[in-house]
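Written out below as C-alpha coordinates is the structure these notes cover.
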Amino acid sequence: MDYQTSIRHEYDACRIQRLKLEAIFDSVSDGIIALDADMRVTNFNRAAYTGMGFSRTEIAGMDFFDIFAISEDSDAQTFARALKSERMIDSMETKIRTKNGELKDIILNLSLLNDDSNNFAGYVITFRDISEIKLLKEEIKGRYRFGNIIGKSKLMQELYQIIVQVSQSTANVLIEGESGTGKELVAHAIHYNSPRADESFVVVNCSALPETLLESELFGHVRGAFTGAIRDKIGRFEAADRGTVFLDEIGDISPFIQLKLLRVLELKEFEKVGSNQTQKVDVRFIFATNKNLKKEVESGRFRLDLYYRLRVVPLTLPPLRERREDIPLLLDRFIQKFNNKTGKRIDSVSPQVRKAFLEYDWPGNIRELENAIEYAFVHCDVKHLTVEDLPKEIRSVQGTDALLSKYSLRDSSSDPRQLIKQALEDAKGNKTRAAKLLGIGRTTLWKKIKEYKAE
(Lines give C-alpha, C1' and ligand atoms only; values in the text may rest on other atoms or scores of the structure.)
Protein backbone atom coordinates (compact mmCIF):
# COMPACT_ATOMS: atom_id res chain seq x y z
CA MET A 1 0.00 0.00 0.00
CA ASP A 2 1.49 3.38 -1.03
CA TYR A 3 1.65 6.38 1.29
CA GLN A 4 -1.31 8.28 -0.28
CA THR A 5 -3.55 5.22 -0.10
CA SER A 6 -2.59 4.73 3.55
CA ILE A 7 -3.37 8.38 4.33
CA ARG A 8 -6.72 8.13 2.52
CA HIS A 9 -7.68 4.98 4.47
CA GLU A 10 -6.70 6.64 7.72
CA TYR A 11 -8.71 9.73 6.76
CA ASP A 12 -11.76 7.62 5.90
CA ALA A 13 -11.47 5.72 9.17
CA CYS A 14 -11.30 9.01 11.10
CA ARG A 15 -14.27 10.40 9.17
CA ILE A 16 -16.36 7.29 9.89
CA GLN A 17 -15.38 7.45 13.57
CA ARG A 18 -16.31 11.14 13.68
CA LEU A 19 -19.70 10.44 12.09
CA LYS A 20 -20.34 7.70 14.63
CA LEU A 21 -19.46 10.02 17.49
CA GLU A 22 -21.70 12.76 16.04
CA ALA A 23 -24.56 10.27 15.76
CA ILE A 24 -24.09 9.29 19.40
CA PHE A 25 -23.77 12.97 20.38
CA ASP A 26 -27.01 13.83 18.56
CA SER A 27 -28.87 10.87 20.05
CA VAL A 28 -28.49 12.28 23.59
CA SER A 29 -31.77 13.88 24.71
CA ASP A 30 -30.03 16.49 26.90
CA GLY A 31 -28.75 19.64 25.21
CA ILE A 32 -24.93 19.78 25.12
CA ILE A 33 -22.95 22.91 24.18
CA ALA A 34 -19.15 23.23 24.21
CA LEU A 35 -17.71 26.77 24.49
CA ASP A 36 -14.21 28.15 24.08
CA ALA A 37 -12.64 30.55 26.60
CA ASP A 38 -14.31 33.50 24.83
CA MET A 39 -17.76 31.88 25.27
CA ARG A 40 -18.13 31.07 21.57
CA VAL A 41 -19.95 27.87 20.60
CA THR A 42 -17.53 25.27 19.28
CA ASN A 43 -19.59 22.09 19.46
CA PHE A 44 -23.22 21.22 20.11
CA ASN A 45 -25.75 18.44 19.62
CA ARG A 46 -29.18 18.39 18.02
CA ALA A 47 -31.02 18.72 21.34
CA ALA A 48 -29.11 21.94 22.08
CA TYR A 49 -30.05 23.92 18.98
CA THR A 50 -33.58 22.54 18.59
CA GLY A 51 -34.23 23.08 22.30
CA MET A 52 -33.24 26.72 21.96
CA GLY A 53 -35.16 27.25 18.72
CA PHE A 54 -32.15 27.69 16.42
CA SER A 55 -30.96 25.86 13.34
CA ARG A 56 -27.65 24.00 13.19
CA THR A 57 -26.09 26.68 10.95
CA GLU A 58 -27.32 29.53 13.17
CA ILE A 59 -25.86 28.24 16.43
CA ALA A 60 -22.36 27.42 15.17
CA GLY A 61 -19.84 30.02 16.33
CA MET A 62 -22.43 32.19 18.09
CA ASP A 63 -21.71 34.01 21.32
CA PHE A 64 -23.25 31.90 24.08
CA PHE A 65 -25.13 34.82 25.64
CA ASP A 66 -26.86 35.54 22.32
CA ILE A 67 -28.54 32.14 22.40
CA PHE A 68 -28.89 31.29 26.08
CA ALA A 69 -30.99 33.70 28.14
CA ILE A 70 -31.54 32.78 31.81
CA SER A 71 -34.73 34.58 32.78
CA GLU A 72 -34.36 34.56 36.56
CA ASP A 73 -32.05 37.41 37.71
CA SER A 74 -30.76 35.54 40.76
CA ASP A 75 -29.96 32.47 38.64
CA ALA A 76 -28.29 34.61 35.98
CA GLN A 77 -26.06 36.16 38.68
CA THR A 78 -25.16 32.72 40.04
CA PHE A 79 -24.29 31.59 36.51
CA ALA A 80 -22.18 34.69 35.86
CA ARG A 81 -20.25 34.26 39.12
CA ALA A 82 -19.50 30.64 38.22
CA LEU A 83 -18.15 31.69 34.83
CA LYS A 84 -16.02 34.46 36.33
CA SER A 85 -14.44 32.23 38.96
CA GLU A 86 -14.24 29.21 36.63
CA ARG A 87 -16.40 27.10 38.97
CA MET A 88 -18.70 24.23 38.12
CA ILE A 89 -22.50 24.27 38.52
CA ASP A 90 -24.29 21.07 39.39
CA SER A 91 -28.03 20.61 38.69
CA MET A 92 -29.21 24.22 38.88
CA GLU A 93 -32.95 24.44 38.20
CA THR A 94 -33.84 27.61 36.32
CA LYS A 95 -35.82 29.10 33.42
CA ILE A 96 -34.47 30.07 30.01
CA ARG A 97 -36.02 32.01 27.15
CA THR A 98 -35.74 30.46 23.68
CA LYS A 99 -35.27 32.28 20.35
CA ASN A 100 -39.05 32.65 19.90
CA GLY A 101 -39.54 33.97 23.44
CA GLU A 102 -40.85 30.74 24.96
CA LEU A 103 -39.98 30.12 28.61
CA LYS A 104 -38.63 26.68 29.47
CA ASP A 105 -37.85 25.10 32.82
CA ILE A 106 -34.46 23.38 32.69
CA ILE A 107 -31.84 21.70 34.86
CA LEU A 108 -28.41 23.10 33.97
CA ASN A 109 -24.88 21.77 34.56
CA LEU A 110 -21.69 23.71 33.89
CA SER A 111 -18.31 21.93 33.66
CA LEU A 112 -14.84 23.24 32.91
CA LEU A 113 -13.04 22.16 29.74
CA ASN A 114 -9.26 21.75 29.82
CA ASP A 115 -6.78 21.25 26.97
CA ASP A 116 -4.09 18.55 26.68
CA SER A 117 -1.85 20.54 29.03
CA ASN A 118 -4.64 20.78 31.60
CA ASN A 119 -5.04 24.50 31.00
CA PHE A 120 -8.48 26.09 31.03
CA ALA A 121 -9.94 26.02 27.50
CA GLY A 122 -13.66 26.69 27.94
CA TYR A 123 -16.83 25.15 29.25
CA VAL A 124 -19.26 22.33 28.60
CA ILE A 125 -22.89 23.09 29.39
CA THR A 126 -25.59 20.44 29.53
CA PHE A 127 -29.26 21.18 30.07
CA ARG A 128 -32.47 19.18 30.25
CA ASP A 129 -35.96 20.48 29.52
CA ILE A 130 -38.14 19.70 32.56
CA SER A 131 -41.12 21.88 31.56
CA GLU A 132 -43.48 18.92 31.21
CA ILE A 133 -42.31 17.44 34.51
CA LYS A 134 -42.96 20.79 36.23
CA LEU A 135 -46.43 20.97 34.68
CA LEU A 136 -47.22 17.43 35.84
CA LYS A 137 -46.03 18.26 39.34
CA GLU A 138 -48.21 21.36 39.45
CA GLU A 139 -51.16 19.35 38.15
CA ILE A 140 -50.65 16.73 40.85
CA LYS A 141 -50.36 19.40 43.53
CA GLY A 142 -53.57 21.00 42.26
CA ARG A 143 -55.33 17.65 42.30
CA TYR A 144 -54.51 17.25 45.95
CA ARG A 145 -55.27 20.74 47.23
CA PHE A 146 -57.31 20.84 50.42
CA GLY A 147 -60.26 22.08 48.37
CA ASN A 148 -60.52 18.67 46.73
CA ILE A 149 -61.37 17.09 50.08
CA ILE A 150 -65.02 17.99 49.82
CA GLY A 151 -67.27 18.70 52.77
CA LYS A 152 -69.00 21.50 54.64
CA SER A 153 -70.10 19.37 57.59
CA LYS A 154 -68.73 20.07 61.06
CA LEU A 155 -66.83 16.77 61.01
CA MET A 156 -65.05 17.71 57.79
CA GLN A 157 -64.30 21.27 58.89
CA GLU A 158 -62.58 19.90 62.00
CA LEU A 159 -60.66 17.47 59.79
CA TYR A 160 -59.47 20.28 57.49
CA GLN A 161 -58.02 22.14 60.44
CA ILE A 162 -56.04 19.10 61.60
CA ILE A 163 -54.75 18.38 58.07
CA VAL A 164 -53.50 21.96 57.67
CA GLN A 165 -51.64 21.73 60.97
CA VAL A 166 -50.14 18.27 60.43
CA SER A 167 -48.98 19.12 56.87
CA GLN A 168 -46.38 21.50 58.27
CA SER A 169 -44.94 18.96 60.70
CA THR A 170 -42.89 15.79 60.25
CA ALA A 171 -44.92 13.79 62.79
CA ASN A 172 -46.14 10.30 61.89
CA VAL A 173 -49.83 10.28 60.97
CA LEU A 174 -52.31 7.41 61.27
CA ILE A 175 -55.44 7.80 59.12
CA GLU A 176 -58.27 5.52 60.22
CA GLY A 177 -61.59 5.05 58.51
CA GLU A 178 -63.78 2.65 56.57
CA SER A 179 -62.91 1.64 53.01
CA GLY A 180 -63.79 4.34 50.51
CA THR A 181 -63.66 7.30 52.91
CA GLY A 182 -60.72 8.94 51.11
CA LYS A 183 -57.71 7.98 53.24
CA GLU A 184 -55.26 8.08 50.31
CA LEU A 185 -56.62 11.45 49.18
CA VAL A 186 -55.94 12.87 52.67
CA ALA A 187 -52.43 11.36 52.64
CA HIS A 188 -51.73 13.02 49.27
CA ALA A 189 -53.06 16.34 50.58
CA ILE A 190 -50.77 16.20 53.62
CA HIS A 191 -47.71 15.52 51.45
CA TYR A 192 -48.42 18.00 48.64
CA ASN A 193 -49.13 20.80 51.12
CA SER A 194 -46.00 20.08 53.17
CA PRO A 195 -42.38 21.31 52.87
CA ARG A 196 -41.65 17.93 51.21
CA ALA A 197 -44.07 18.55 48.33
CA ASP A 198 -41.30 18.59 45.71
CA GLU A 199 -39.88 15.27 46.87
CA SER A 200 -41.15 11.72 46.30
CA PHE A 201 -44.52 10.48 47.52
CA VAL A 202 -44.31 6.68 47.63
CA VAL A 203 -47.41 4.52 48.16
CA VAL A 204 -47.32 0.92 49.37
CA ASN A 205 -50.42 -1.23 49.88
CA CYS A 206 -49.30 -3.54 52.68
CA SER A 207 -52.16 -6.00 52.21
CA ALA A 208 -51.33 -6.63 48.54
CA LEU A 209 -48.04 -8.50 49.14
CA PRO A 210 -47.00 -11.54 51.21
CA GLU A 211 -44.42 -11.02 53.97
CA THR A 212 -41.31 -11.93 51.96
CA LEU A 213 -42.21 -9.73 49.01
CA LEU A 214 -43.29 -6.85 51.25
CA GLU A 215 -39.96 -6.98 53.09
CA SER A 216 -38.05 -6.69 49.81
CA GLU A 217 -40.45 -3.99 48.54
CA LEU A 218 -39.96 -1.82 51.62
CA PHE A 219 -36.29 -2.37 52.44
CA GLY A 220 -34.84 -3.47 49.09
CA HIS A 221 -32.45 -6.39 48.68
CA VAL A 222 -28.94 -7.18 47.50
CA ARG A 223 -28.02 -9.58 44.74
CA GLY A 224 -28.16 -13.20 45.91
CA ALA A 225 -30.27 -12.43 49.00
CA PHE A 226 -32.74 -15.11 47.92
CA THR A 227 -33.61 -17.23 44.90
CA GLY A 228 -34.43 -14.89 42.03
CA ALA A 229 -32.55 -11.89 43.47
CA ILE A 230 -30.34 -11.49 40.40
CA ARG A 231 -29.51 -7.83 41.05
CA ASP A 232 -29.58 -5.23 43.82
CA LYS A 233 -32.96 -3.57 44.32
CA ILE A 234 -33.75 -0.19 45.89
CA GLY A 235 -36.61 -0.40 48.41
CA ARG A 236 -39.47 2.05 48.82
CA PHE A 237 -37.92 3.66 51.92
CA GLU A 238 -34.71 4.45 50.06
CA ALA A 239 -36.65 5.68 47.02
CA ALA A 240 -38.63 8.06 49.25
CA ASP A 241 -35.59 9.61 50.97
CA ARG A 242 -36.39 13.27 51.87
CA GLY A 243 -39.99 12.61 50.83
CA THR A 244 -43.05 10.80 52.20
CA VAL A 245 -44.00 7.13 52.44
CA PHE A 246 -47.69 6.24 52.65
CA LEU A 247 -48.23 2.73 54.01
CA ASP A 248 -51.84 1.77 53.36
CA GLU A 249 -53.55 -1.11 55.21
CA ILE A 250 -50.82 -1.05 57.87
CA GLY A 251 -52.95 -3.27 60.10
CA ASP A 252 -52.28 -6.23 57.80
CA ILE A 253 -48.48 -6.46 58.21
CA SER A 254 -46.95 -9.49 59.94
CA PRO A 255 -45.21 -9.40 63.37
CA PHE A 256 -41.83 -9.73 61.60
CA ILE A 257 -42.44 -6.68 59.39
CA GLN A 258 -43.84 -4.83 62.41
CA LEU A 259 -40.54 -5.34 64.24
CA LYS A 260 -38.43 -4.16 61.28
CA LEU A 261 -40.68 -1.13 60.74
CA LEU A 262 -40.39 -0.19 64.41
CA ARG A 263 -36.63 0.20 64.00
CA VAL A 264 -37.07 2.47 60.98
CA LEU A 265 -39.47 4.68 62.93
CA GLU A 266 -37.21 4.83 65.99
CA LEU A 267 -33.77 5.18 64.38
CA LYS A 268 -34.50 6.16 60.74
CA GLU A 269 -32.24 3.33 59.57
CA PHE A 270 -32.55 -0.12 58.00
CA GLU A 271 -30.65 -2.86 56.17
CA LYS A 272 -31.54 -4.28 52.79
CA VAL A 273 -32.55 -7.92 52.72
CA GLY A 274 -29.34 -9.99 52.59
CA SER A 275 -27.11 -7.08 53.66
CA ASN A 276 -25.56 -6.09 57.01
CA GLN A 277 -24.81 -2.55 55.87
CA THR A 278 -26.99 0.01 57.69
CA GLN A 279 -28.54 2.83 55.65
CA LYS A 280 -29.95 6.06 57.03
CA VAL A 281 -33.12 7.53 55.57
CA ASP A 282 -35.03 10.79 56.02
CA VAL A 283 -38.68 9.87 55.46
CA ARG A 284 -41.99 11.24 56.69
CA PHE A 285 -44.48 8.44 57.37
CA ILE A 286 -48.24 8.42 56.85
CA PHE A 287 -50.18 5.24 57.66
CA ALA A 288 -53.75 4.20 56.95
CA THR A 289 -56.01 1.35 58.01
CA ASN A 290 -59.66 0.37 57.94
CA LYS A 291 -59.12 -1.80 61.00
CA ASN A 292 -59.45 -0.80 64.64
CA LEU A 293 -55.76 -0.95 65.55
CA LYS A 294 -56.46 -0.58 69.25
CA LYS A 295 -58.46 -3.81 69.15
CA GLU A 296 -55.68 -5.42 67.08
CA VAL A 297 -53.25 -4.50 69.88
CA GLU A 298 -55.58 -5.89 72.55
CA SER A 299 -55.86 -9.16 70.61
CA GLY A 300 -52.07 -9.43 70.33
CA ARG A 301 -51.99 -9.12 66.54
CA PHE A 302 -50.32 -5.70 66.52
CA ARG A 303 -47.38 -4.47 68.60
CA LEU A 304 -48.24 -1.88 71.26
CA ASP A 305 -44.90 -0.03 70.87
CA LEU A 306 -45.39 0.23 67.08
CA TYR A 307 -48.99 1.37 67.56
CA TYR A 308 -47.88 4.36 69.62
CA ARG A 309 -45.01 5.14 67.24
CA LEU A 310 -47.18 5.38 64.15
CA ARG A 311 -50.21 7.20 65.63
CA VAL A 312 -48.45 10.36 66.80
CA VAL A 313 -51.22 12.27 65.05
CA PRO A 314 -54.40 10.19 64.62
CA LEU A 315 -56.95 11.20 61.98
CA THR A 316 -60.33 9.50 61.78
CA LEU A 317 -62.28 9.95 58.54
CA PRO A 318 -66.05 9.84 59.09
CA PRO A 319 -68.16 7.49 56.96
CA LEU A 320 -70.43 9.17 54.44
CA ARG A 321 -73.60 8.20 56.33
CA GLU A 322 -72.42 10.40 59.22
CA ARG A 323 -72.03 13.49 57.04
CA ARG A 324 -75.00 13.33 54.71
CA GLU A 325 -75.02 17.13 54.28
CA ASP A 326 -71.89 16.69 52.14
CA ILE A 327 -73.60 14.32 49.67
CA PRO A 328 -75.06 17.08 47.41
CA LEU A 329 -71.57 18.65 47.12
CA LEU A 330 -70.03 15.30 46.22
CA LEU A 331 -72.82 14.55 43.76
CA ASP A 332 -72.29 17.84 41.92
CA ARG A 333 -68.49 17.43 41.94
CA PHE A 334 -68.60 13.92 40.46
CA ILE A 335 -71.16 14.93 37.83
CA GLN A 336 -68.74 17.67 36.76
CA LYS A 337 -65.88 15.16 36.73
CA PHE A 338 -67.71 12.65 34.51
CA ASN A 339 -69.03 15.38 32.22
CA ASN A 340 -65.41 16.31 31.56
CA LYS A 341 -64.33 12.68 31.24
CA THR A 342 -67.12 11.44 28.96
CA GLY A 343 -67.93 14.57 26.97
CA LYS A 344 -71.58 14.38 28.10
CA ARG A 345 -73.39 17.46 29.36
CA ILE A 346 -75.63 16.28 32.17
CA ASP A 347 -76.75 19.54 33.76
CA SER A 348 -79.59 18.55 36.09
CA VAL A 349 -80.61 15.85 38.54
CA SER A 350 -84.14 14.92 39.50
CA PRO A 351 -85.28 15.57 43.10
CA GLN A 352 -85.88 11.80 43.39
CA VAL A 353 -82.19 11.13 42.66
CA ARG A 354 -81.07 13.56 45.36
CA LYS A 355 -83.57 11.99 47.77
CA ALA A 356 -82.27 8.48 47.01
CA PHE A 357 -78.67 9.59 47.50
CA LEU A 358 -79.48 11.22 50.85
CA GLU A 359 -81.41 8.20 52.15
CA TYR A 360 -79.01 5.46 51.03
CA ASP A 361 -76.49 4.30 53.69
CA TRP A 362 -73.40 4.15 51.41
CA PRO A 363 -71.51 1.17 52.91
CA GLY A 364 -68.77 1.81 50.32
CA ASN A 365 -68.65 5.51 51.21
CA ILE A 366 -67.32 8.11 48.74
CA ARG A 367 -65.89 5.48 46.42
CA GLU A 368 -69.32 3.83 46.09
CA LEU A 369 -70.97 7.20 45.47
CA GLU A 370 -68.48 7.98 42.68
CA ASN A 371 -69.03 4.55 41.14
CA ALA A 372 -72.81 5.04 41.30
CA ILE A 373 -72.55 8.29 39.37
CA GLU A 374 -70.25 6.71 36.79
CA TYR A 375 -72.84 3.90 36.41
CA ALA A 376 -75.56 6.52 35.92
CA PHE A 377 -73.49 8.25 33.22
CA VAL A 378 -73.29 4.97 31.30
CA HIS A 379 -77.08 4.60 31.33
CA CYS A 380 -78.08 8.25 30.92
CA ASP A 381 -78.31 9.43 27.31
CA VAL A 382 -79.88 12.85 27.89
CA LYS A 383 -79.00 15.90 29.97
CA HIS A 384 -81.14 14.98 32.96
CA LEU A 385 -80.23 12.29 35.51
CA THR A 386 -83.23 10.34 36.79
CA VAL A 387 -83.86 7.46 39.20
CA GLU A 388 -83.89 4.73 36.57
CA ASP A 389 -80.26 5.59 35.72
CA LEU A 390 -79.10 4.59 39.21
CA PRO A 391 -77.76 1.20 40.36
CA LYS A 392 -80.40 -1.20 41.65
CA GLU A 393 -79.27 -1.08 45.29
CA ILE A 394 -79.79 2.70 45.39
CA ARG A 395 -83.14 2.47 43.60
CA SER A 396 -84.13 -0.04 46.27
CA VAL A 397 -84.07 2.63 48.97
CA GLN A 398 -87.55 2.79 50.51
CA GLY A 399 -89.83 4.86 48.33
CA THR A 400 -87.43 5.19 45.39
CA ASP A 401 -88.46 2.10 43.41
CA ALA A 402 -92.05 3.22 43.91
CA LEU A 403 -91.23 6.33 41.92
CA LEU A 404 -90.65 4.10 38.90
CA SER A 405 -93.82 2.05 39.39
CA LYS A 406 -95.97 5.16 39.17
CA TYR A 407 -95.38 5.06 35.40
CA SER A 408 -96.61 1.47 34.99
CA LEU A 409 -99.03 1.23 32.07
CA ARG A 410 -99.96 -2.28 33.24
CA ASP A 411 -101.74 -0.88 36.30
CA SER A 412 -105.44 -1.11 35.34
CA SER A 413 -106.35 1.65 37.79
CA SER A 414 -104.04 4.15 36.04
CA ASP A 415 -105.07 6.60 33.36
CA PRO A 416 -102.73 5.79 30.41
CA ARG A 417 -103.10 9.25 28.92
CA GLN A 418 -102.19 10.90 32.21
CA LEU A 419 -99.24 8.54 32.75
CA ILE A 420 -97.83 9.33 29.32
CA LYS A 421 -98.21 13.06 29.86
CA GLN A 422 -96.53 12.79 33.29
CA ALA A 423 -93.65 10.78 31.86
CA LEU A 424 -93.14 13.33 29.06
CA GLU A 425 -93.21 16.16 31.59
CA ASP A 426 -90.69 14.44 33.89
CA ALA A 427 -88.47 13.69 30.89
CA LYS A 428 -88.70 17.35 29.81
CA GLY A 429 -90.20 16.32 26.48
CA ASN A 430 -87.48 13.80 25.63
CA LYS A 431 -89.35 10.83 24.18
CA THR A 432 -86.47 8.38 24.60
CA ARG A 433 -86.35 9.21 28.30
CA ALA A 434 -90.15 9.10 28.62
CA ALA A 435 -90.22 5.68 26.96
CA LYS A 436 -87.66 4.45 29.51
CA LEU A 437 -89.80 5.72 32.36
CA LEU A 438 -92.81 3.90 30.98
CA GLY A 439 -90.87 0.72 30.30
CA ILE A 440 -91.75 0.66 26.60
CA GLY A 441 -89.93 1.27 23.32
CA ARG A 442 -89.79 4.66 21.64
CA THR A 443 -91.88 3.44 18.70
CA THR A 444 -94.54 2.08 21.09
CA LEU A 445 -94.57 5.44 22.86
CA TRP A 446 -95.24 7.24 19.57
CA LYS A 447 -98.17 4.93 18.89
CA LYS A 448 -99.61 5.44 22.37
CA ILE A 449 -99.22 9.23 22.18
CA LYS A 450 -101.35 9.15 19.03
CA GLU A 451 -103.75 6.61 20.51
CA TYR A 452 -104.42 8.58 23.68
CA LYS A 453 -103.74 12.03 22.20
CA ALA A 454 -101.38 12.56 25.12
CA GLU A 455 -99.09 15.17 23.69
Side-chain angles (χ1 to χ4, degrees), residues 143-144 147-153 156 177-186 188 205 208 248 290 317-408 422-442 444-445:
R143 192 181 303 166
Y144 296 112
N148 287 323
I149 304 173
I150 300 166
K152 63 179 181 181
S153 62
M156 292 305 293
E178 297 177 5
S179 293
T181 49
K183 295 187 289 294
E184 186 169 342
L185 180 63
V186 170
H188 275 92
N205 187 326
D248 199 5
N290 59 12
L317 303 192
L320 194 53
R321 61 184 174 276
E322 292 181 9
R323 56 182 187 105
R324 293 181 188 273
E325 60 265 52
D326 295 331
I327 291 175
L329 293 175
L330 290 162
L331 174 59
D332 292 341
R333 175 62 69 90
F334 288 133
I335 286 174
Q336 180 185 15
K337 173 183 176 178
F338 288 112
N339 271 333
N340 294 336
K341 184 177 179 179
T342 64
K344 290 186 176 182
R345 288 293 174 263
I346 292 176
D347 55 17
S348 60
V349 175
S350 75
Q352 292 85 1
V353 168
R354 294 190 182 273
K355 180 176 183 292
F357 272 56
L358 287 168
E359 291 185 357
Y360 184 61
D361 264 350
W362 300 107
N365 293 294
I366 299 171
R367 186 181 297 124
E368 184 184 8
L369 187 148
E370 182 176 4
N371 290 343
I373 296 170
E374 186 169 16
Y375 175 98
F377 263 71
V378 171
H379 291 82
C380 181
D381 50 12
V382 291
K383 293 185 177 182
H384 185 64
L385 210 62
T386 59
V387 172
E388 74 272 12
D389 296 314
L390 302 180
K392 183 178 179 180
E393 60 271 18
I394 301 174
R395 294 202 312 264
S396 299
V397 173
Q398 185 177 3
T400 304
D401 260 342
L403 292 168
L404 297 181
S405 65
K406 77 175 187 177
Y407 298 108
S408 177
Q422 183 63 51
L424 286 167
E425 183 180 337
D426 289 348
K428 295 186 176 181
N430 184 282
K431 293 183 174 58
T432 301
R433 169 69 63 187
K436 274 188 177 183
L437 290 171
L438 294 163
I440 59 178
R442 183 182 168 90
T444 304
L445 175 61

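The figures here come from the full heavy-atom set of this structure, side chains too, leaving out hydrogens, waters and symmetry mates.
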Sub-4.5 Å side-chain heavy-atom contact between [X] and [Y]:
{"X": "Thr386", "Y": "Gln352", "result": "no"}
{"X": "Asp326", "Y": "Ile150", "result": "no"}
{"X": "Lys183", "Y": "Asn290", "result": "yes"}
{"X": "Ser348", "Y": "Leu385", "result": "no"}
{"X": "Lys383", "Y": "Asp347", "result": "yes"}
{"X": "Ile327", "Y": "Trp362", "result": "yes"}

According to side chain to side chain contact (heavy atoms under 4.5 Å, CB included), who are the partners of [X], at least two apart in sequence or on a separate chain?
{"X": "Pro391", "answer": "Ala372, Tyr375, Glu393, Ile394"}
{"X": "Arg354", "answer": "Pro328, Leu331, Asp332, Val349"}
{"X": "Glu322", "answer": "Leu155, Pro318, Pro319"}

Q: Inspect the contact between Arg324 and Asp361 and indicate whether a charged nitrogen and a carboxylate oxygen are less than 4.0 angstrom apart.
A: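 Looking at Arg324 together with Asp361, the answer is yes, because their closest N to O distance falls below 4.0 Å.
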Q | Under-4.0 Å salt bridge between Arg367 and Glu178 | A |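 So Arg367 does not pair with Glu178 through a salt bridge.
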Just verifying a value: how many Å separate [X] [atom1] and [Y] [atom2], rounded to the nearest 0.5 Å?
{"X": "Ser350", "Y": "Glu388", "atom1": "OG", "atom2": "CD", "answer": "8.0 Å"}
{"X": "Arg323", "Y": "Met156", "atom1": "CZ", "atom2": "CE", "answer": "4.0 Å"}
{"X": "Ile335", "Y": "Cys380", "atom1": "CD1", "atom2": "SG", "answer": "9.5 Å"}
{"X": "Leu185", "Y": "Ile366", "atom1": "CG", "atom2": "CD1", "answer": "8.0 Å"}

Q.
Quiz question: by atom type and distance under 3.5 Å, do the side chains of Thr181 and Asn365 form a donor-acceptor pair?
A.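 No, Asn365 and Thr181 have no side-chain donor paired with an acceptor closer than 3.5 Å.
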Q. Can you name the nearest heavy-atom pair linking Leu390 to Phe357, along with the distance?
A.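 Scanning both residues, the minimum pair turns out to be CD2-CE1, 3.5 Å.
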Q. Listed by chain and number, what are the side chain to side chain donor-acceptor pair (under 3.5 Å) partners of Asn339, not counting sequence neighbours?
A.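 Here no residue qualifies.
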Q: Keeping to residues at least two apart or across chains, list the salt bridge (charged side-chain N to carboxylate O under 4.0 Å, His left out) pairs with something in residues 337-346.
A: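 Sorted pair list: Lys337-Glu370, Lys341-Glu374.
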(Q) Restricting to ring pair (Phe, Tyr, Trp, His ring centres under 6.0 Å), what partner residues turn up for Phe334, sequence neighbours left out? (A)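 Result, ring pair (Phe, Tyr, Trp, His ring centres under 6.0 Å) vs Phe334: none returned.
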